[in-house]
Protein chains: 2
Amino acid sequence: MARASSVKDVAALAGVSLGTVSNVLNRPDRVSPGTRGKVEQAMRDLGFVRNESARQLRAGHSRMLAYVLLDARNPFFTDVAEGAERAAEAADLSLFLCHSDNRASREGDYLAHLVEQRVQGILVTPVDPHASVLGDVRRNGTPLVIVDRTRDDDEFCSVAVDDVLGGRLAVEHLLEQGHTRVAFIGGPATIGQVRDRLEGARQAWAESGLPDDQLVVVPTEGLTVVEGRSAGERVMGIGRKRRPTAAFCANDLLALGLLQQLSTAGSTVPGDLAIVGYDDIEYASAAAVPLTSVRQPRQELGRRATELVLDEADNPDHRHEQVVFTPELVARRSTLG
Amino acid sequence: MARASSVKDVAALAGVSLGTVSNVLNRPDRVSPGTRGKVEQAMRDLGFVRNESARQLRAGHSRMLAYVLLDARNPFFTDVAEGAERAAEAADLSLFLCHSDNRASREGDYLAHLVEQRVQGILVTPVDPHASVLGDVRRNGTPLVIVDRTRDDDEFCSVAVDDVLGGRLAVEHLLEQGHTRVAFIGGPATIGQVRDRLEGARQAWAESGLPDDQLVVVPTEGLTVVEGRSAGERVMGIGRKRRPTAAFCANDLLALGLLQQLSTAGSTVPGDLAIVGYDDIEYASAAAVPLTSVRQPRQELGRRATELVLDEADNPDHRHEQVVFTPELVARRSTLG
DNA sequence: TTGTATGCGTTATCAC
DNA sequence: GTGATAACGCATACAA
């Protein structure tokens with residue numbers, strides 16, 4: 001494979017000047033049909049492909065968007081990515097996914113590379129939304145939007161969902177179903193989401209007037225199926241009288257693990273324990289017992305984040321905006337007996 | 001945000017020439033500690049970031065690798081990606097994920113963009129391994145390796161797993177467990193994988209001497225949880241006497257759906273139906289009944305594919321290679337009573 | 001050790 | 001309608 005051919009090669013073969021080739025590429029109307037034909041033929045003959053690096057160098061920025069995400073295995077993030085992908089497509093940009101796998105170092109490497117690449121914009125669900133690395137990106141002139149996380153300042157655009165409200169919705173639903181002992185399953189508390197959902201749960205609980213200690217917090221070390229199973233053992237290990245009759249899980253993976261654990265142990269859902277999940281991922285409705293869950297507008301998150309990052313890139317009057325979406329409870333068999 | 005600063009700006013501020021700045025960047029040993037200090041300080045002051053486009057233009061190729069994958073929601077592919085990611089990291093390259101979502105048009109758009117971007121190499125699990133678009137990439141000088149698919153020629157490097165053997169392993173295991181009526185669940189037959197796994201199943205069946213019609217093919221329209229549930233209804237709808245006592249599913253998602261359907265309907269696994277899945281994704285071992293499955297060396301696939309694409313990029317004597325890995329059966333409760 | 005000059009491929013401006 | 005030319009930012013060969 002010889003060196004790829006350039007506009008110069010095309011020009012030589014077509015017997016025209018380099019400028020004309022460029023015109024065929026970028027303003028075909030300015031060039032006569034005859035020469036255009038010759039040029040296009042030459043391009044085909046040589047298998048000419050634009051060199052995007054050179055284009056970018058000239059233009060000052062690339063036609064790429066990137067989404068740096070925490071966990072490619074979590075359908076929540078891939079759904080967000082799908083929304084972003086569609087918005088990117090509509091703007092004639094390509095969206096690339098970068099998997100940080102929850103590691104700050106990898107996240108940092110990707111962000112650095114993307115800034116060097118002069119991408120149009122970056123969406124990121126960061127390991128730590130307050131890490132200075134995000135500020136560095138901005139300082140270097142690359143628009144950046146925080147997805148599914150928030151900061152307590154307004155230095156960045158962000159899109160997120162009201163997790164406190166989500167927590168309220170879940171617990172209010174369980175209260176309506178007559179439960180008076182409820183477990184909150186989730187952790188670690190370092191994750192803002194987990195804290196907010198618990199906070200919402202507590203607010204709803206306080207308003208119910210039930211004793212505080214009947215809302216039991218069962219901590220987990222992560223938001224995974226395996227952790228859900230382990231939490232299930234702990235919940236069902238509580239003595240009959242003090243055992244919760246319902247559980248609100250900080251995400252659906254936990255809820256699925258919990259469901260599996262109960263099913264393995266011969267307990268029934270919602271008979272022995274009602275379950276509410278969070279995220280409403282596809283597996284939630286397809287579970288053995290379809291799962292009640294708090295739905296977030298996932299694709300919408302990605303779409304809006306993309307719009308914001310493009311506004312930051314294109315609009316000189318851009319103002320940072322913190323968008324907060326409203327979650328919605330989807331009731332299914334796991335709480336409806 | 002003003003225009004990003006360039007080596008020229010750094011040189012001006014540091015009071016040295018542009019070449020010296022470049023040397024600080026690329027051969028720091030060639031420059032005296034004193035001037036190096038000045039230059040580095042200037043870089044910090046200006047927030048200088050290399051322009052990767054310009055670097056690429058100069059170098060002729062980028063420091064990017066890409067994996068164009070079919071389905072970001074399938075853990076199989078994200079595991080492959082993880083293996084590729086690690087190999088890329090070791091070579092000091094960045095791996096970007098492109099989600100074609102099983103759409104040929106999106107796959108084509110991504111491939112075109114990557115070629116224009118002059119990426120170092122592309123890994124792809126294509127919608128159609130024989131589509132001409134793959135040949136176009138190669139013709140344009142970008143190394144490309146096919147992942148988890150094969151072609152019947154040797155125009156490309158590829159890495160795959162021996163699915164015929166995988167099918168044999170699954171059915172041989174069920175035969176050993178004493179089953180004499182088995183369902184193969186999977187489809188559509190347009191997917192090479194599905195065909196190969198069925199082929200392997202048939203080979204093992206033929207060698208067992210059991211009547212052909214006791215290996216029942218239950219077709220599905222895709223390899224998803226939902227399809228698995230639907231297949232479950234059909235299998236259990238078969239009259240008692242002719243009903244299979246075991247099912248071999250073309251992937252784990254189908255198997256999980258099947259498992260859920262049985263559990264919902266009050267049937268037991270493996271009592272009423274033993275189940276073998278394929279892929280051994282994380283959810284397989286974490287399922288309500290841990291799933292027997294055929295494991296593929298997923299990360300290894302990604303790692304090897306990356307090595308091959310880098311060899312194609314760097315080694316003038318590169319020869320295309322079709323690597324075929326050997327699958328392995330992992331027996332768990334879903335077949336072991 | 002440091003500085004100068006050239007070219008990578010593209011686009012856009014300006015003559016012709 | 002077409003052609004010559006400069007510029008984008010960087011890396012390198014070579015000169016000082």
Side-chain angles (χ1 to χ4, degrees), chain A residues 2-40 42-43 46-64 113 115-120 140-142, chain B residues 2-40 42-43 46-63 112-113 115-120 140-142:
Chain A
R3 186 184 104 278
S5 45
S6 73
V7 280
K8 206 189 292 181
D9 303 320
V10 174
L13 182 59
V16 299
S17 90
L18 171 165
T20 301
V21 175
S22 179
N23 281 334
V24 170
L25 246 21
N26 302 300
R27 309 119 107 189
D29 45 311
R30 285 211 198 297
V31 54
S32 75
T35 40
R36 181 160 71 222
K38 276 193 306 183
V39 170
E40 285 169 343
M43 286 183 175
L46 291 170
F48 170 79
V49 180
R50 267 178 160 102
N51 183 323
E52 184 70 18
S53 310
R55 262 188 119 184
Q56 276 173 37
L57 178 56
R58 187 74 231 269
H61 59 86
S62 82
R63 299 169 55 247
M64 283 174 65
H113 190 138
V115 171
E116 293 188 353
Q117 200 70 243
R118 300 293 194 270
V119 296
Q120 280 256 326
N140 290 321
T142 304
Chain B
R3 187 184 105 278
S5 45
S6 74
V7 280
K8 205 189 292 180
D9 303 318
V10 174
L13 182 60
V16 299
S17 89
L18 171 163
T20 301
V21 176
S22 183
N23 279 334
V24 171
L25 247 21
N26 302 300
R27 308 119 110 193
D29 44 311
R30 286 212 198 297
V31 54
S32 76
T35 41
R36 181 160 72 224
K38 276 192 306 183
V39 170
E40 285 168 344
M43 285 183 176
L46 291 171
F48 169 80
V49 180
R50 268 179 161 99
N51 183 321
E52 184 70 17
S53 313
R55 258 187 124 187
Q56 276 173 38
L57 178 56
R58 182 78 228 265
H61 59 86
S62 81
R63 299 168 55 247
H113 189 139
V115 171
E116 293 188 352
Q117 200 70 243
R118 301 292 194 269
V119 296
Q120 280 255 326
N140 290 321
T142 305

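All chains are named by letter (A, B, ...) in the order of the sequence lines, taking the proteins before the strands, and each is independently numbered beginning at 1. We use all heavy atoms of the structure for the numbers below, so side chains are in, but hydrogens, waters and symmetry mates are not.
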Every protein N/O lying under 3.5 Å from an N/O of nucleotides 11-14 of chain D:
unit_1, atom_1, unit_2, atom_2, d
dA11(D), OP1, Arg55(B), NE, 2.8
dA11(D), OP2, Asn26(B), ND2, 3.2
dA11(D), N3, Arg58(B), NH1, 2.3
dT12(D), O4', Arg58(B), NH1, 3.3

Discussion item. Could you work out, with salt bridge (charged side-chain N to carboxylate O under 4.0 Å, His left out) as the rule, every residue matching Arg50(A), not counting sequence neighbours?
Written reply: none
Discussion item. Taking only side-chain N and O atoms of Ser32(B), does any of them lie within less than 4.0 angstrom of OP1 or OP2 on dT2(C)?
Written reply: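 True: Ser32(B) side-chain N/O within range (under 4.0 Å) of dT2(C) OP1/OP2.
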Worksheet item: Looking at Ser53(A), does any N or O in its side chain come under 4.0 Å of the phosphate oxygens OP1/OP2 on dC8(C)?
Response: no
Worksheet entry | For Ser22(A), side-chain contact (heavy atoms from CB on, under 4.5 Å) partners two or more places apart |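 For Ser22(A), the residues satisfying side-chain contact (heavy atoms from CB on, under 4.5 Å) (neighbours in sequence not counted) are Asn26(A).
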Worksheet item: How would you list, by chain and number, every residue that makes a side-chain contact (heavy atoms from CB on, under 4.5 Å) with Ala42(A), sequence neighbours excluded?
Response: Val10(A), Leu13(A), Ala14(A)
To the nearest Å, how far apart are [X] [atom1] and [N] [atom2]?
| X | N | atom1 | atom2 | result |
| --- | --- | --- | --- | --- |
| Arg118(A) | dT10(C) | CZ | P | 21 Å |
| Met43(B) | dC10(D) | CE | C1' | 11 Å |
| Asp29(A) | dT2(D) | CG | P | 12 Å |
| His61(A) | dG9(D) | NE2 | C1' | 15 Å |
| Leu57(B) | dC8(C) | CG | C1' | 4 Å |

Counting only side-chain heavy atoms from C-beta out, which of [options] sits nearest to [X]?
| X | options | value |
| --- | --- | --- |
| Val16(B) | dT2(D), dG3(C), dT10(C) | dG3(C) |
| Ser17(A) | dG3(D), dT2(D), dT1(C) | dG3(D) |
| Asn51(B) | dC10(D), dT10(C), dT2(C) | dC10(D) |

Discussion item. Could you work out, with side-chain hydrogen bond (donor to acceptor under 3.5 Å, both in side chains) as the rule, every residue matching Thr35(B), not counting sequence neighbours?
Written reply: Ser32(B)
Discussion item. Using the side-chain hydrogen bond (donor to acceptor under 3.5 Å, both in side chains) criterion, which residues pair with His61(B)? Sequence neighbours excluded.
Written reply: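 Testing His61(B) for side-chain hydrogen bond (donor to acceptor under 3.5 Å, both in side chains), a comparison that skips the adjacent residues, returns Gln120(B).
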Practice prompt. Enter the distance from Ser53(A):OG to Asn51(B):CG here, rounded to the nearest 0.5 Å.
Written response: 9.5 Å
